[in-house]
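Quick caveat, the model's predicted, so the values are computed rather than measured. As a basis for the values below, the full set of heavy atoms in this structure was taken, side chains included, without hydrogen atoms, waters or symmetry mates.
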Amino acid sequence: HGDAPYGTNTKGPALGRTTEVGSYPPNAFGLHDMHGNVFEWCADWFVPQLYQQRAGKVTVDPLVSTRTPAAKTRVLRGGSWTKGKGIHARAALRRGNLPDWKGQNIGFRVVQEISGEPRPAPVVQAEPMPADPKPSDTKEKPVAATIRDPRAGDLVYIQPGKFLMGSLESEPGSWPMERPQHEVEIKQGFYIGKYEVTHQQFSYFVAKTKYKSDAEKSEKGGGGYIKEQKGIVNWNPRFSWKDPGFPQKSNSPAVNISWNDAVAFCDWLTEQDGKYRFRLPTEAEWEYCGRAGTKAAYAWGDQQESMVGNENASDQTLARLLSDKSFHKSRCGKWDDGIPFTAPVGSFKASPFGLYDMQGNVSEWCSDVYLDNSYQLSPDQIPATGNKRVLRGGAFDYLPMDCRVARRLGDWANETRCDRGFRVVRELAPQPGKTELAEAPQNPAPVEPQPATQNFDRPVIRFGRLATPEPVTSFTVSEDN
């Protein structure tokens, strides 16, 4: 509620209505709008004295019953845009209302139960997904969504917009190839990976296609950490995406990936999907996402220390594993985040665009041909094909200053390193002539780190998009709906 923002003494602007879901940052569980926007119905019957009745007892089951209880009202939680002065949006506040009550500030969210008991799990058919908006419609009706692709994982929609690309000469660490700073317009929205492509995803691709990576085909191998030498090397026959010399979890970013490997993965996604094209982001798309609406040297501020706790950059945890002769030791930051090499994707904070690890962790390939003077040339002067390609974002072993959003690097398309990976883009418009979505095995998608849970089978449920990205209000609640 803009007139009295919760947790502040500063009066802010009141929007005067609901806002699009996900407009504000998620909480620690990755959930949006748990406070404010709309009150949310809960399954429980509302009994004001419930907590006093259960004092000192372990609560196992909620107060939910199909029998007629003494209570006549159901629970509402979370506050809304109309109920103000903050106290109504507190996490502990409980209120109730009649199940048939509805209003412009009442909505809900759903829960899917986890059950270890086997039971039929048919695929539930729903209305066909509406066609994606045409480019001309996108500015007026922006798509605000995160979708989950069975092979590419979570994809975040990025709206069109303008931004300043590159750096000023006055920016500490600025290089000539980042200048001049210039305005760029992203005219077409797109979906981009919420996370970097994981070890599990790349492994699944290799298993299905029998693909052999550039590091595996090369006699010199890929990059990795040699414990006996206490150093990171660029090439060694023992290293590839399978083994970079340091631990790899299923949700660690895939490393020792060449540009060729990344393109092969994207082409496979496109072929398997049968409808949409998957590709690497352009350099402009990458920086647009990396900046996420900011103008600072780093997405978190102008100082390299702003990355601490927000991104996986080089630090003293890595330095302690390196010999004094190691090239990388002098490049490590002065802080200590406890993670020497790559971190599982999503271990740090999401950017304002909802993307993880855009700086640090692994540097990411872009589709563009790399030229030192790209920014001094007109678009028609930049070749569409070439052997040297763009890398962005820095990595766990980079000089922190080289993780700046504007920093540009380039290398040969077949070169691999243990600090290189990628993320994918899915284009918004279907490919011409492609109308059917190909059947796909449900390859596990990357998930945000969380405690281990029991394995279970669940039905695949697909719903059509609503016409509005804002929460639907004026809902009643009953046993039937």
Nearest atoms (heavy-atom pairs only) where K208 meets W268: CB-CZ2, 4.2 Å

Any donor-acceptor pair under 3.5 Å from S174 side chain to S170 backbone: no

Backbone N/O of N37 and side chain of D33: donor-acceptor pair under 3.5 Å: no

4.5 Å side-chain heavy-atom contact, F396 and D419: yes

Pair D368-T282, side-chain donor/acceptor within less than 3.5 Å: no

Value rounded to 0.5 Å, distance of CE in M307 from OG in S314: 7.5 Å

Side chain proximity check, F348 to D337, heavy atoms < 4.5 angstrom: yes

CA sep, side-chain torsions, deciding dist, call: Q431, T270, side chain to side chain contact (heavy atoms under 4.5 Å, CB included): CA-CA 10 Å; Q431 298 181 88; T270 301; 3.5 Å; yes

Cationic tip of R408 above Y375 ring, under 6.0 Å, 45° of axis: yes

Presence of salt bridge, R392 and E364, under 4.0 angstrom: no

E427 with R277: basic N within carboxylate O range, under 4.0 Å: yes

Side-chain donor or acceptor of Q201 paired with backbone N/O of T198 under 3.5 Å: yes

Rounded distance [0.5 Å steps], CZ in R95 versus CG in L76: 6.5 Å

V390 backbone acceptor or donor facing E283 side chain under 3.5 Å: no

Test ring pair (Phe, Tyr, Trp, His ring centres under 6.0 Å) applied to F108 and F39, step by step: CA-CA 7 Å; F108 69 106; F39 276 105; over 10 Å; no

I158 side chain reached by C289 side chain, heavy atoms, under 4.5 Å: yes

Smallest separation among heavy atoms of P160 and G189, with atom names: CG-N, 3.5 Å

pair Q248-V255: side-chain heavy atoms closer than 4.5 Å: yes

Residue pair V75, R94: steps toward the side chain to side chain contact (heavy atoms under 4.5 Å, CB included) verdict: CA-CA 7 Å; V75 172; R94 308 172 64 238; 4.3 Å; yes

For F202, ring pair (Phe, Tyr, Trp, His ring centres under 6.0 Å) partners two or more places apart: F205, W241

Donor-acceptor pair, side chain of W259 and main chain of C366, under 3.5 angstrom: yes

Evaluation steps, side chain to side chain contact (heavy atoms under 4.5 Å, CB included), between Q304 and Y298: CA-CA 7 Å; Q304 58 184 349; Y298 308 86; 3.3 Å; yes

Backbone of M401 reached by a side-chain donor or acceptor of R404 within 3.5 Å: yes

Any side-chain heavy-atom pair of E196 and Y356 under 4.5 Å: no

Value rounded to 0.5 Å, distance of CG in D336 from CG in D315: 5.5 Å

Aromatic ring proximity, centroids under 6.0 angstrom, F190 and Y157: no

Close side-chain approach of D273 to D149, heavy-atom, < 4.5 Å: yes

Whether D357 side chain and G346 backbone form a donor-acceptor pair below 3.5 Å: yes

Short side-chain donor-acceptor distance under 3.5 Å, Y211 and D261: yes

Nearest non-hydrogen partners of W286 and M358, listed with the distance: CZ2-O, 3.0 Å

Backbone N/O of A91 and side chain of R77: donor-acceptor pair under 3.5 Å: yes

Residue pair Q200 / N251, side-chain donor-acceptor N/O under 3.5 Å: no

Proximity of H32 and Y24 rings by center, below 6.0 Å: no

Modelled atom types, side-chain donor and acceptor of W300 and E311, under 3.5 Å: yes

For the student: nearest non-hydrogen atoms of W45 and P99, plus distance: CZ3-CG, 4.3 Å

Flag, side chain of N310 to backbone of S306, donor-acceptor distance under 3.5 Å: yes

F422 and F265 aromatic ring geometry - parallel, tilted or perpendicular at 30°/60° bounds: perpendicular

Distance, nearest 0.5 Å, that separates CD1 of I192 from CG of D154: 13.0 Å

Heavy-atom donor-acceptor pair, Q181 side chain to L164 backbone, under 3.5 Å: no

Test item: M165 and E178 side chains (from C-beta on) under 4.5 Å apart, heavy atoms: no

K249 side, atom NZ; H199 side, atom NE2 - distance, nearest 0.5 Å: 13.0 Å

Stepwise ring pair (Phe, Tyr, Trp, His ring centres under 6.0 Å) check, Y191 with Y276: CA-CA 11 Å; Y191 286 98; Y276 293 99; 8.1 Å; no

Side chain to side chain contact (heavy atoms under 4.5 Å, CB included) between V424 and V197, intermediate numbers included: CA-CA 7 Å; V424 302; V197 170; 3.9 Å; yes

Euclidean distance, L391 CG relative to S363 OG, rounded to 0.5 Å: 4.5 Å

Shortest non-hydrogen separation from W41 to R74 and the atoms involved: CZ3-CB, 3.8 Å

Residue pair V184 / F163, side-chain heavy-atom distance below 4.5 Å: yes

R389 to W365, cation-pi by 6.0 Å centre distance and 45° axis angle: no

Partner set under salt bridge (Lys or Arg N to Asp or Glu O under 4.0 Å) for D402, not counting sequence neighbours: R331, R407

Shortest non-hydrogen separation from E287 to G166 and the atoms involved: OE2-N, 2.8 Å

